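Just so it is clear, the values below take in all heavy atoms, side chains as well, and ignore hydrogens, waters and symmetry mates. Values in this document were obtained by computation on a predicted structure and should not be read as measured data.
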Amino acid sequence: MQFSPHLKPGRLLKRVKRFMAEILLDSGEEIIAHCANTGAMTGLTNPGVRVWVSLHSGTTRKFPYTWQMAEEEGIWVGTDTSIPEKVFRESFEKNQLVDFQGYTELKGQVTVGSSRLDFHAKGMQKECYIEVKNAHLKRGHTAVFPDTITTRGTRHLQALTALVQEKGIRAACVHVIQRQDCHDFRIAGDIDLDYAKAFEKARHYGVECFAYRCLVSPQEIIIEKSIPVLEPSYA
């Protein structure tokens, strides 16, 4: 996914509540940007951190700027949690994901029971329901998710598990990692025990779990490769 026009650089002044950030652009303009991330954003919210924002010109939005990425230890890290769905769809439609080849149709935002899942894929093989999660937090060389308690995420895993267990339908949980310095991925059970337990149950019953590492820059964010999914960590 390419950014057009290119992102504007600046420095974070402070994150305001969950959905806003005060930023000083390199141009000298001080702005308030929308923060499309409900997580803790651990390691990315220190005042002075290098950030990049997109401008939605001609919009009626209250805050036309959106915080897209931050720099951590010289690495660009995506902060917008709407991006993973977009880059997954782009790679899926270009038939670049080995795990999802053979499908010809991808429908977004589908209701399953009381949950809404990101995608429903159809094709020559078995239909598949897919939930896509954003990951940015790193421990060592391992990407981890979540960075805060996610009750909604747990419900999504339970919905995927029910599809496999009760109906025999293929289901997958995909974690898109918006940074390129991680070698593998795991669930942080010490951050959200319920999500980790739901994740283990989901894998036990046949929900497929994938992690895709992205190439991230102020010009574009694209899926680079699949990386191993490790067992959850509880400490």
ring-ring contact (aromatic ring centres under 6.0 Å, His included) pairs, two or more places apart, involving residues 155-186: H141-H183, F145-H175, H175-F185
Considering all heavy atoms, the nearest V53-A33 contact: CG1-CB, 4.3 Å
Residue pair T154 / D194, side-chain donor-acceptor N/O under 3.5 Å: no
D26/K8 salt bridge by N-O under 4.0 Å criterion: no
Atom CD of Q2 with >12 non-hydrogen neighbours under 6.0 angstrom: no
ring-ring contact (aromatic ring centres under 6.0 Å, His included) partners of F119, counting only residues at least two apart: F88
Side-chain donor/acceptor of T79 to backbone N/O of W67, under 3.5 Å: yes
Y103 side, atom OH; C128 side, atom SG - distance, nearest 0.5 Å: 4.5 Å
With E85 via salt bridge (charged side-chain N to carboxylate O under 4.0 Å, His left out) - residues at least two apart: none
M69 and I221, any side-chain heavy atoms less than 4.5 Å apart: yes
Side-chain cluster (under 4.5 Å, hydrophobic types only) that L24 belongs to, other residues: L13
E72 side chain near L44 side chain, heavy-atom distance below 4.5 Å: yes
Atom of Q178, atom of P84 and distance for their closest heavy-atom approach: NE2-CD, 3.6 Å
Side-chain touch V77/V216, heavy atoms, less than 4.5 angstrom: no
L160 versus C173, closest heavy-atom pair with distance: CD1-CB, 4.0 Å
Beyond-backbone contact of C214 with I177, side-chain heavy atoms, under 4.5 angstrom: no
Heavy-atom donor-acceptor pair, D118 side chain to I130 backbone, under 3.5 Å: no
Close side-chain approach of L163 and V112, heavy atoms under 4.5 Å: yes
L215 side, atom CG; K225 side, atom NZ - distance, nearest 0.5 Å: 10.5 Å
Non-neighbouring partners of K133 that pass salt bridge (charged side-chain N to carboxylate O under 4.0 Å, His left out), sequence neighbours left out: E131
Cluster check I149, M41: I/L/V/M/F/W/Y, side chain < 4.5 angstrom: no
Within one Ile-Leu-Val-Met-Phe-Trp-Tyr cluster: L12 and Y65, side-chain cutoff 4.5 Å: yes
Heavy-atom pair with the smallest gap, counting every atom of P146 and I191: O-CD1, 3.4 Å
Hydrophobic cluster membership, I83 vs W52, 4.5 Å side-chain cutoff: yes
V110: side chain to side chain contact (heavy atoms under 4.5 Å, CB included) partners, not counting sequence neighbours: K107, L117, H120, Y129
Inter- and intrachain pairs under ring-ring contact (aromatic ring centres under 6.0 Å, His included), touching residues 201-234, at least two apart: F100-F210
Heavy-atom check, side chain of M1 versus side chain of I222, under 4.5 Å: no
Close side-chain approach of M20 to C35, heavy-atom, < 4.5 Å: no
side-chain hydrogen bond (donor to acceptor under 3.5 Å, both in side chains) contacts in which one or both residues fall within residues 12-21, not counting sequence neighbours: none
Under the side chain to side chain contact (heavy atoms under 4.5 Å, CB included) test, residues paired with T81 that sit two or more places apart: N37, N134
Partners meeting side chain to side chain contact (heavy atoms under 4.5 Å, CB included) with S91 (sequence neighbours left out): Q96, L97, I223
Pairwise side-chain contact, P232 with F199, heavy-atom cut-off 4.5 Å (strictly under): yes
Atom of P9, atom of R50 and distance for their closest heavy-atom approach: CB-NH2, 3.7 Å
Spatial distance of atom CG (D181) from atom CD1 (I75) [nearest 0.5 Å]: 4.5 Å
D192 side chain to Y195 backbone, donor-acceptor under 3.5 Å: yes
Whether T66 side chain and Q68 backbone form a donor-acceptor pair below 3.5 Å: no
Donor-acceptor contact below 3.5 Å, side chain D147 vs main chain G39: no
Qualifying residues under salt bridge (charged side-chain N to carboxylate O under 4.0 Å, His left out), relative to E93, sequence neighbours excluded: R89
Contact list for residues 202-222, test salt bridge (Lys or Arg N to Asp or Glu O under 4.0 Å), sequence neighbours left out: R170-E208, R203-E231, R213-E224
Trace of the side-chain contact (heavy atoms from CB on, under 4.5 Å) decision for V144 with I187: CA-CA 5 Å; V144 300; I187 299 301; over 6 Å; no
Check: L230 main-chain N/O paired with R186 side-chain donor or acceptor under 3.5 Å: no
S115 OG to R152 CZ distance, which is reported to the nearest 0.5 Å: 8.5 Å
Exercise: identify the closest heavy-atom pair between K138 and C182: CG-SG, 3.6 Å
